[in-house]
Amino acid sequence: MTVEKYALVDCNNFYVSCERVFNPKLAGKPVVVLSNNDGCVVARSNEAKAIGVKMGVPYFKVAHLEKEQGLIARSSNYPLYGDMSARVMRILSQYAPRQEVYSIDECFLLVGGMSEFENTAREIRATVQQSLGLPICVGIAPTKTLAKLSNAVAKSTGSLGGVFDYASVSETKQTRILRAIPVRDVWGVGRKLAEKFIAMGITTALDLRESDAEQMGKQFSVVTKRTITELRGTPCVGMEAMGEARKHIVSSRSFGRAVYTLEELEEAVTAYASKACEKLRRDQSVAGEISVVIRTSAYADDSFAQSGEVVFDSATDDTMVIVRHAMQALRDAYKPGYAYQKAGVTLGRVTPREGRQISLFSQPEQNEKSEKMMKALDAANAKWGRGTIFLAGEGVEKSWKMKAEHKSPAYTSSWLELPRVRTY
DNA sequence: TCTGGGGTCCTAGGACCC
DNA sequence: TCTGGGGTCCTAGGACCC
């Protein structure tokens, strides 16, 4: 019988590491990458962690560290991170029969039948460092939940050299490891659950492992029961199939300043809906419904949010049709007199394009025409860069656009922004 | 002054049906 | 005024993830 074995490979401080690849001056310094709109800290170098910058903190609260401690902030550059991610994942995929890309910076590998994956993991680590300049860590264990924890151990214990195999240590040692991990740090235990667990006296990963799985399952949910079972070494969360299309597609952004008028909201929502449609077509899907949300700052005392929805007669991927529905949904939601800070568009009832239901009332010529138009639009934007062709409704000034004041160039995905190499 | 964005899954409860 | 029981489906909302 083969024992299940999972490896979780995770890039260290991924966004910061990507920035450092193209800007070596950032090495060894406290660096953070900010969320869209330069709002919150979403990635930190070890040096930034060391001077006390917390994950998710609003940047204005730590900006004083620029002067005091030499903290460096970068705006997020998702085209760069996405491209680097694809390169890492391609390399990793070569080392195991099955790969599940779990997020932009981590993936699971199913390494069940492979003996001694630990050595392979070290080789992977060296390869990624050598070819991309990105540091990674690998956790290996009989379940995904334990692989996540093992990865954290690999990351926090310098002497391990970035790789830790849970099964390679004694049960006593395993118990000691779990005792040192706060229950909040277990995969699947969020803030709310952690509060409840702690109130029950379950404060560590070990406490959770030793709790009554049946009883906890009844009291909370099957998710909790699965987590407990996985902590005991019995896998219940398998590998997800790759390439399944999303069921919802969201495009939302905060504005760089407050927005009051319907006209400006129309521009923003047109832009967001167009972007969602691009994702939709890339997935080879069609959508049957759109909802538009507009909101004021969530942190204001009188915060206000309203949404509108439109269900389509037939599912479509046509930007112009969808934008028209989006405008309807927006007008349903809009109330004058508010300082809007954010708008978002969600496409719902998303299904594969193949085998979709065509409305009884639509004309085939119409469909063909729209298909050609969308193909041309996507091709132009792929060739000459996003935003080469866009609907006039997006507006040209876009004065509501988000802030990105510390942005690095799109080194790997735009011909105009390639890094320059100087020789002497 | 300044607080992200994009997903998934699970559950409870209502609607509806026989 | 009295007034069954059980099943399914759908949706909204909550919790989680990175």
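Just so it is clear, the values below take in all heavy atoms, side chains as well, and ignore hydrogens, waters and symmetry mates.
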Are there any protein N/O atoms within less than 3.5 Å of an N/O atom in nucleotides 7-12 of chain C, and if so, which ones and at what distance?
none

Pick base, sugar-phosphate or nothing for [X], based on heavy-atom distances below 4.0 Å to the nucleic acid.
X	result
A/Arg257	nothing
A/Lys148	sugar-phosphate
A/Ser251	sugar-phosphate
A/Asn36	sugar-phosphate
A/Leu34	nothing
A/Val350	nothing
A/Asp105	sugar-phosphate
A/Tyr59	nothing

Checklist line | Watson-Crick and G-U pairing of DNA chain C written in dot-bracket, each distance under 3.5 angstrom, with | for inter-strand partners | finding: ....||||||||||||||
Next item on the list: Please say whether the positively charged group of A/Lys401, taken as NZ for Lys or CZ for Arg, lies over the ring of A/Phe255, i.e. under 6.0 angstrom from the six-membered ring centre and within 45 degrees of the axis.
Entry: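 No, A/Lys401 does not lie over the aromatic ring of A/Phe255.
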Notebook entry, point to check: Taking the six-membered ring of A/Phe390, is NZ or CZ of A/Lys398 closer than 6.0 Å to its centre and within 45° of its axis?
Noted result: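 Yes, A/Lys398 sits over the ring of A/Phe390.
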When you get a sec, tell me which of [options] is the closest nucleotide to the side chain of [X]?
X	options	answer
A/Phe60	C/dC18, B/dT3, B/dG5	B/dT3
A/Glu106	C/dC18, B/dG4, B/dG6	C/dC18
A/Tyr299	B/dG6, B/dT3, C/dC17	B/dT3

[X] [atom1] to [N] [atom2], straight-line distance once rounded to whole Å:
X	N	atom1	atom2	value
A/Asn151	C/dC18	CG	C1'	13 Å
A/Arg44	C/dC18	CZ	C1'	14 Å
A/Met55	B/dT3	CE	C1'	14 Å

Margin query: For B/dT3 and A/Ser35 - does any side-chain N or O of the residue sit under 4.0 Å from the phosphate oxygens OP1/OP2?
Written below: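 The answer is no; no side-chain N or O of A/Ser35 sits under 4.0 Å from OP1 or OP2.
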Margin query: If the cut-off is 4.0 Å, is A/Ser254 near the phosphate of B/dT3, judged by side-chain N/O to OP1 or OP2?
Written below: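 No, no such contact exists.
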Next item on the list: Give me the residues of residues 189-224 of chain A where at least one heavy atom lies under 4.0 Å from an atom of DNA chain C, by number, or none.
Entry: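 Of all residues in residues 189-224 of chain A, the ones placing a heavy atom under 4.0 Å from DNA chain C are A/Val189, A/Gly190, A/Arg191, A/Lys192, A/Leu193.
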